[in-house]
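Atom set for the values below is all heavy atoms of this structure, side chains included, hydrogens, waters and symmetry mates excluded.
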Amino acid sequence: QVQVEESGGGLVQAGDTLRLSCAFSGRPFSSYGMAWFRQTPGKEREFVAAVSRSAGRPIYADSVKDRFAISRDNAKNTVHLQMNSLKPEDTAIYYCAASSGIILSQTRYASAYNYWGQGTQVTVSS
């Protein structure tokens, strides 16, 4: 049974940095594409960033490109999201997601991911 668990959220000020981590367990980590999504009350879950099984070229939402960086460590079964220059509009619950059969064209869609963590709250004050 695959499990993913996020950590690292918190309350920060605009312009600060924060690093989220996602611990993966239960199956061979290198067989799963990984992604981060975020959600605010009343809105759909929004794609943030994704990294392929081979840690190839990451994909980012336009809203976070050049500020956020996703990385994975296949030896430690972890994925990180480094968030720099945080803005109040980045405030959300951040979710880590895993997919065993994702293809490139599906990367930005929440429905393409099989497994989800409980989420970690990120709050950015102005």
Side-chain angles (χ1 to χ4, degrees):
Q1 179 90 18
V2 170
Q3 291 187 325
V4 293
E5 183 174 2
E6 306 91 342
S7 62
L11 171 63
V12 297
Q13 293 186 331
D16 283 352
T17 64
L18 205 58
R19 189 190 195 208
L20 304 184
S21 297
C22 173
F24 178 99
S25 62
R27 293 282 168 82
F29 180 57
S30 59
S31 297
Y32 288 77
M34 303 296 296
W36 288 94
F37 286 76
R38 65 188 182 187
Q39 190 170 24
T40 54
K43 293 189 176 181
E44 292 188 358
R45 204 160 287 191
E46 175 191 22
F47 170 77
V48 176
V51 62
S52 67
R53 289 171 287 182
S54 62
R57 183 178 178 182
I59 297 173
Y60 297 98
D62 288 343
S63 58
V64 306
K65 194 175 181 180
D66 299 327
R67 297 189 298 122
F68 290 11
I70 188 172
S71 62
R72 67 185 293 158
D73 185 338
N74 284 353
K76 296 183 178 180
N77 293 0
T78 57
V79 178
H80 300 290
L81 184 68
Q82 178 68 38
M83 304 187 294
N84 302 322
S85 303
L86 282 161
K87 304 176 181 180
E89 51 262 45
D90 294 319
T91 295
I93 298 175
Y94 283 71
Y95 295 92
C96 180
S99 175
S100 59
I102 198 167
I103 59 176
L104 184 60
S105 63
Q106 299 173 332
T107 301
R108 298 172 185 265
Y109 297 96
S111 59
Y113 294 84
N114 314 91
Y115 303 99
W116 294 83
Q118 297 285 342
T120 185
Q121 177 71 46
V122 172
T123 303
V124 184
S125 64
S126 58

Tightest non-hydrogen contact, residues Val48 and Phe68, listed as CG1-CD2, 3.8 Å

I need the Ile93 CD1 to Arg45 CZ distance, nearest 0.5 Å. 8.5 Å

So if you build clusters from Ile, Leu, Val, Met, Phe, Trp, Tyr with side-chain heavy-atom gaps below 4.5 Å, do Tyr60 and Leu18 land together? yes

If we only count heavy atoms from C-beta on, is the Ser7 to Ser21 side-chain gap below 4.5 Å? yes

Quick one: salt bridge (charged side-chain N to carboxylate O under 4.0 Å, His left out) partners of Arg19, sequence neighbours excluded? none

Near Glu89 CD, under 6.0 Å, is it more than 12 heavy atoms from other residues, nucleotides or ligands? yes

If we only count heavy atoms from C-beta on, is the Trp36 to Glu6 side-chain gap below 4.5 Å? yes

Residue pairs passing the disulfide bond (SG atoms under 2.5 Å apart) test where at least one lies in residues 54-88, sequence neighbours excluded: none

Just grab all the disulfide bond (SG atoms under 2.5 Å apart) pairs involving residues 74-126, residues at least two apart or on different chains. Cys22-Cys96

Atom of Ala35, atom of Ile70 and distance for their closest heavy-atom approach: CA-CD1, 4.4 Å

Atom pair OG1 (Thr78) and CG (Asp73), whose distance is rounded to the nearest 0.5 Å: 4.5 Å

From the list Tyr109, Tyr94, Trp116, ring pair (Phe, Tyr, Trp, His ring centres under 6.0 Å) partner of Phe37 resolves to Trp116

Plane angle bin for Tyr32 and Phe24 - parallel if under 30°, tilted between 30 and 60°, otherwise perpendicular: tilted

Which pairs, with at least one residue in residues 38-78 and sequence neighbours excluded, count as a disulfide bond (SG atoms under 2.5 Å apart)? none

Return the set of residues passing salt bridge (charged side-chain N to carboxylate O under 4.0 Å, His left out) with Arg38 (not counting sequence neighbours), or none when no residue passes. Glu46, Asp90

Rounded to the nearest 0.5 Å, how far apart are CZ of Arg27 and OH of Tyr115? 5.5 Å

Path from Met34 to Met83 over hydrophobic side-chain contacts below 4.5 Å: yes

Between Ser85 and Arg67 the two heavy atoms that sit nearest each other are O-NH1, 3.0 Å

Taking only distance into account, with no hydrogens and no angle test, what donor-acceptor pairs under 3.5 Å do side-chain atoms of residues 118-126 form with protein atoms, sequence neighbours excluded?
from	atom 1	to	atom 2	distance (Å)
Thr120	OG1	Gly9	N	3.1
Gln121	NE2	Ala92	O	3.4
Gln121	NE2	Thr123	OG1	3.3
Ser125	OG	Val12	O	3.3

Considering only heavy atoms from C-beta outward, does the side chain of Ile59 approach that of Arg108 to under 4.5 Å? yes

Around atom CD of Gln82, are there more than 12 heavy atoms of other residues, nucleotides or ligands at under 6.0 Å? yes

Lys NZ or Arg CZ of Arg72 over Phe29 ring: under 6.0 Å, within 45°: yes

In this structure, would Leu20 and Tyr95 fall into the same cluster of hydrophobic residues linked by side-chain contacts under 4.5 Å? no

